[in-house]
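The structure under discussion appears below in the form of structure tokens.
To find a chain, count down the sequence lines: A is the first, B the second, and so on, and within it residues start at 1.
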Amino acid sequence: MPRTADRRYWLLKTEPGCFSYEDLLACPDQTAYWDGVRNYQARNFLRDDVRVGDGVLFYYSNAEPSGVVGTATVVRAGYPDHTALDPAEEHYDPKSTRENPIWYMVDIKAGERFRNFLALGDLRHVPALEKMELLRKGSRLSVMPVTAAEWKTVCAMGAGKRIRPD
DNA sequence: GCCAACGTTGGC
DNA sequence: GCCAACGTTGGC
């Protein structure tokens with residue numbers, strides 16, 4: 001594991017009907033490649049910034065409700081997304097080639113499934129999370145950075161701990 | 001299904 | 001490079 005000070009945190013979006021936390025748990029070694037990101041800003045994070053050992057918040061979008069279901073750990077840093085090369089794949093992109101891959105992916109391994117599913121509507125009411133990228137109006141990125149403080153808060157909430165001792 | 005907020009495309 | 005049209009995301 002990298003030193004704590006070097007560890008970064010990310011939120012990765014998936015639609016549960018497409019790839020759920022259960023799907024991740026069912027993978028060999030509970031590890032899967034995170035494919036299908038087709039947005040340049042999100043791609044840049046995967047290619048340039050996500051590193052082995054980083055923490056991942058596993059987020060369900062377009063869900064009822066949407067929210068964070070648990071955590072994962074990055075076990076392989078960015079490498080070309082081969083699903084972009086396959087015409088049979090949903091996210092095939094003819095502009096991407098083996099020589100000049102456009103899209104990147106990482107591998108993640110399941111961490112902890114939260115005792116409490118953290119619905120988006122609940123996260124919005126947490127003062128410590130008010131600057132979280134996910135909660136910004138119009139936020140659409142499928143890969144976004146999370147601060148260490150936000151990570152700590154979200155994981156504590158997921159574990160069922162009280163955030164504000166009021 | 002609605003629609004706001006983006007991102008991408010392509011004519012000029 | 002501008003920008004209108006169009007497509008996508010994703011909460012609600």
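- When distances are taken from the side chain of A:Arg140 to each of B:dG7, C:dC12, B:dT9, the shortest belongs to B:dG7.
- Comparing atom distances between the A:Lys137 side chain and each of B:dA5, C:dG11, B:dT8 picks out B:dA5 as nearest.
- As a whole-Å value, the separation of A:Glu90 CD from C:dT9 C1' is 14 Å.
- Across B:dG7, C:dC12, C:dG10, the shortest atom-to-atom separation from the side chain of A:Lys13 is found for C:dG10.
- For the atom pair CD of A:Gln41 and OG of A:Ser142, the computed distance is 10.0 Å after rounding to the nearest 0.5 Å.
- Checking B:dG7, C:dG10, C:dC12 against the side-chain heavy atoms of A:Arg124 singles out C:dC12 as nearest.
- Ion pairing between a basic and an acidic side chain is recognised when a charged N comes within 4.0 Å of a carboxylate O; A:Arg38 and A:Asp93 show no such pairing.
- At whole-Å resolution of the value, CG in A:Asn62 and P in B:dC2 are 16 Å apart.
- Spacing between atom CG of A:Leu11 and atom P of C:dG10 amounts to 11 Å, rounded to whole angstrom units.
- Among the heavy atoms of the strands, none lies under 4.0 Å from A:Tyr60.
- Interatomic distance, A:Tyr60 OH to A:Leu120 CG, rounded to the nearest 0.5 Å: 15.0 Å.
- In this entry the distance linking CD of A:Glu133 with P of B:dA5 reads 15 Å, nearest Å.
- Here C:dT9 presents its C1' atom at 14 Å from CG of A:Leu120, a figure rounded to the nearest Å.
- In this structure, CE of A:Met132 is placed 16 Å from C1' of C:dG11, rounded to the nearest angstrom.
- Across the protein-nucleic acid pair, A:Leu134 atom CG and B:dC6 atom C1' stand 16 Å apart, rounded to whole Å.
- At a threshold of 4.0 angstrom between heavy atoms, the contacts of A:Arg38 with the nucleic acid are absent.
- Nearest to the side-chain atoms of A:Asn39 among the listed nucleotides C:dG10, B:dT9, B:dG7 stands B:dG7.
- Side-chain N/O atoms of A:Tyr59 include none lying less than 4.0 angstrom from OP1 or OP2 on C:dT9.
- Judged by a 6.0 Å distance limit and a 45° cone about the ring axis, A:Arg76 is positioned over the six-membered ring of A:Tyr79.
- At the phosphate of C:dG11, OP1 or OP2 sits under 4.0 Å from a side-chain N or O atom of A:Ser66.
- For the atom pair A:Leu11 CG and A:Thr71 OG1, the distance stands at 12.0 Å (nearest 0.5 Å).
- In this structure, A:Leu123 places its CG atom 11 Å from P of C:dC12, rounding to the nearest Å.
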